Amino acid sequence: MASGKLQAPRGTFDVLPADGRRRDRLRALADDLLGRAGYGPFESPVFEDTDLFARGVGVSTDIVQKEMFTFEDKGGRSLTLRPEGTAGACRAYVEHGMHKQPQPVKLRYWGPFFRHEAPQAGRYRQFAQIGAEALGSDDPSLDAESILLLDGLLERSGVQRRLRLSSLGNADTRVAYGERLRAHLREREAELSAEVRGRIDANPLRAFDSDHEGTRAVMEQAPRLIDRLDPDDAEHFAEVRALLDDAGVAYELDPTLVRGLDYYTRTVFEFESSSLGAQSGVGGGGRYDGLVEQLGGPPTPGVGWAAGVERILLAGSTAPARESPVFVAIAGEEHRRAAFAIAREIREAGLAAQVEQAGRSMKGQLKHAGRMEASAVVIVGHGIEVKDMSTGEQVSVADAREAVAVVAGESAAR
Ligand code: HAM
């Protein structure tokens with residue numbers, strides 16, 4: 001065996017406790033916000049049949065064409081590490097007959113996702129998403145609610161952002177529009193980038209995403225789908241916008257907004273943050289009224305979003321949760337067990353507590369307590385002393401019970 005240095009694979013990272021605390025805090029925030037809007041916790045496997053993503057996300061998308069971690073299991077099945085969560089949520093909705101439950105069924109999730117992309121700041125091969133999906137109703141208030149929930153999450157995470165919003169109409173509108181757009185692209189084919197030219201048939205909409213100068217000029221004059229919506233789609237979109245206006249959320253109508261997944265219908269949106277640089281998308285989503293049916297279920301509308309955990313933390317200012325533990329110091333080897341017991345009792349009283357566990361001198365223990373920003377130090381020797389770390393005041397207590405009462409009182413007074 002070669003003895004090279006072992007490292008986390010390219011495009012992946014370890015979460016160390018300082019960062020982990022910020023993630024915990026973000027997760028608690030998301031669980032609370034989404035939970036109060038009726039979104040229940042949902043988990044699905046991190047790998048699924050490859051076919052789910054081919055059918056769900058779309059065979060012509062970058063995700064399916066280039067970015068999936070696909071492997072064969074020992075039984076010869078083709079499996080893929082999930083690149084996104086909506087297809088899995090819809091699969092689960094069908095598999096568990098969730099259409100029989102009261103609608104809409106609202107799901108929230110947090111977990112790892114995998115895309116084989118070129119790694120850079122804010123772009124990884126394994127990343128975490130927070131997501132929310134509402135299935136079983138096409139009520140425009142669900143679109144608005146979904147957008148407002150993500151806006152609220154970003155606001156409370158300290159993320160400066162702008163919201164881009166559009167509507168893609170229904171599948172028929174998109175087919176008819178696709179034809180118009182293809183005709184426009186073919187007319188001016190010579191001005192387009194090779195990549196866009198190669199995709200005119202498969203996915204002409206993606207031309208709106210191009211950075212190529214010639215292509216951009218062509219796209220500026222391209223017909224716009226938003227001008228061709230069916231009346232009920234236009235009305236649906238107007239209602240979503242009215243609800244957002246009522247809520248005082250600023251957005252930019254952007255008919256060039258194309259999301260990198262094929263399942264969208266009607267509302268699509270994306271939040272961008274300028275503090276992220278090239279990877280400016282912090283979260284996005286939209287409606288996917290055809291997806292459940294496409295995966296073999298009954299016709300079922302749906303709407304939702306996902307946001308990148310690492311991108312929220314990069315762009316935002318989520319403070320780590322402060323624990324300010326009580327530190328239990330040991331003044332002499334023979335008091336080790338008594339100190340251990342006191343730390344346990346303090347935790348049982350609902351506080352954070354740590355006990356000396358590395359054989360430090362008393363001076364070293366007090367320094368250690370200072371470094372962890374302990375609120376108090378309980379010094380266990382022949383007697384027991386409690387030192388309030390903010391005032392420096394030190395008192396003697398009669399026994400362990402009183403020590404616990406004192407630190408509990410101290411932290412309550414804080
Ligand atoms: P998405 O836009 O592909 O949508 O991904 C959502 C978010 O995941 C992005 O805005 C970004 O913050 C984060 N993200 C994506 N790729 C990476 C990466 N390589 N590294 C770090 N972060 C990344 C979806 O996944 C849809 N399933 C959203 C949705 C839910 N639509 C409807 N329901």
Side-chain angles (χ1 to χ4, degrees), residues 10-13 23 26 30 34 39 42 44 48 52-53 56-58 61-64 66-69 81-93 104-135 142-143 145-147 149-150 153-154 157 159 161-164 168 206 209 257-273 275-292 300-316:
R10 189 168 147 72
T12 69
F13 52 86
R23 294 167 77 94
L26 176 59
L34 294 169
Y39 288 77
F42 171 75
S44 65
E48 297 260 11
L52 172 68
F53 303 114
V57 175
T61 59
D62 276 354
I63 292 181
V64 171
K66 311 184 204 166
E67 297 170 1
M68 295 205 303
F69 282 93
L81 298 183
R82 58 183 189 184
E84 64 96 51
T86 311
C90 291
R91 188 228 1 101
Y93 181 90
V105 171
K106 291 174 163 183
L107 308 171
R108 68 182 145 93
Y109 51 89
W110 165 296
F113 292 85
F114 307 85
R115 295 184 193 177
H116 199 286
E117 297 192 78
Q120 61 178 79
R123 191 164 73 196
Y124 311 98
R125 291 184 174 169
Q126 176 175 341
F127 55 97
Q129 278 186 352
I130 301 171
E133 315 286 356
L135 290 129
L142 277 173
D143 306 49
E145 179 179 271
S146 180
I147 293 171
L149 286 167
L150 179 51
L153 179 66
L154 296 175
S157 306
V159 177
R161 63 210 175 273
R162 85 191 166 104
L163 168 59
R164 295 164 68 207
L168 299 178
R206 291 300 306 280
D209 267 350
L257 176 59
V258 190
R259 308 239 329 115
L261 306 111
D262 275 356
Y263 47 64
Y264 291 113
T265 55
R266 293 188 158 178
T267 315
V268 282
F269 59 94
E270 196 154 285
F271 284 92
E272 290 183 349
S273 178
S275 41
L276 283 176
Q279 297 305 310
S280 60
V282 59
R287 189 162 268 294
Y288 45 87
D289 291 346
L291 182 54
V292 170
T300 308
V303 63
W305 51 259
V309 168
E310 294 77 25
R311 291 192 193 170
I312 293 178
L313 292 175
L314 271 174

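Whatever order the structure lists them in is the order used to number ligands and atoms, beginning at 1. Because the structure is predicted, anything quoted here is derived from the model rather than measured.
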Taking atom 30 (C) of ligand 1 as the reference point, the nearest protein heavy atom with its distance: T86 OG1, 2.9 Å
Has S157 got a side-chain atom pairing as donor or acceptor with L153's backbone, closer than 3.5 angstrom? yes
Protein heavy atom at shortest distance from atom 8 (O) of ligand 1: Q129 NE2, 3.1 Å
Quick one: which ligand 1 atoms are inside 4.0 Å of a heavy atom on G281? 10 (O), 11 (C), 12 (O)
Suppose I only count heavy atoms of E133 and a 4.0 Å limit; which atoms of ligand 1 are within that range? 30 (C), 32 (C), 33 (N)
Proximity of V303 to ligand 1 by residue part, where a heavy atom lies under 4.0 Å: neither
Can you report which non-hydrogen protein atom sits closest to atom 21 (C) of ligand 1, along with the distance? G122 O, 3.3 Å
Apply side chain to side chain contact (heavy atoms under 4.5 Å, CB included) to the pair W305 and E133, showing each step before the final yes or no. CA-CA 7 Å; W305 51 259; E133 315 286 356; over 6 Å; no
Do any nitrogen or oxygen atoms of I63 lie less than 3.5 angstrom from nitrogen or oxygen atoms of ligand 1? no
Restricting to heavy atoms, the pick from G283, A121, G284 nearest atom 28 (C) of ligand 1 would be G284
Salt-bridge present (R23, E310; N to O < 4.0 Å): yes
Provide, to 0.1 Å, the distance between atom 11 (C) of ligand 1 and the closest protein heavy atom, together with that atom's residue and name. R311 NH1, 3.4 Å
For V282 and ligand 1, does the shortest N/O to N/O distance drop below 3.5 Å? yes
Taking 4.0 angstrom as the limit, do R311 and E272 come out as a salt bridge? no
Is I63 close to R115 at the side-chain level, that is, under 4.5 Å between some pair of heavy atoms? yes
Please find the pair of heavy atoms, one from V292 and one from Y93, that lie closest to each other, and give the distance. CG1-CD2, 4.1 Å
Heavy-atom nearest neighbour of atom 15 (C) of ligand 1 within options E84, E272, R115, E117: R115
Beyond-backbone contact of D262 with V57, side-chain heavy atoms, under 4.5 angstrom: no
Under 4.0 Å from a heavy atom of A306: which atoms of ligand 1 are those, numbered in the order shown and with their elements? 6 (C), 7 (C), 28 (C), 29 (C), 30 (C)
Nearest protein heavy-atom contact for atom 32 (C) of ligand 1: which residue, which atom, what distance? G304 O, 3.2 Å
When you check the gap from the basic side-chain N to the acidic O, do E48 and R82 get nearer than 4.0 Å? no
Tell me: protein heavy atom nearest atom 1 (P) of ligand 1, and distance? R259 NH2, 3.5 Å
Can you see which heavy atom on L34 is nearest to which on G131, and at what distance? CD1-O, 4.1 Å
Between D143 and R287, does any side-chain N to carboxylate O distance fall below 4.0 Å? yes
From the list F114, F113, F13, ring pair (Phe, Tyr, Trp, His ring centres under 6.0 Å) with Y124 holds only for F13
Of F127, F269, Y288, W305, which has the heavy atom at the shortest distance from atom 14 (N) of ligand 1? F127
Within reach of ligand 1, part of Y264 (heavy-atom separation under 4.0 Å): side chain
With atom 20 (N) of ligand 1 as the reference point, say which of Y263, Y124, F271 has the nearest heavy atom. Y124
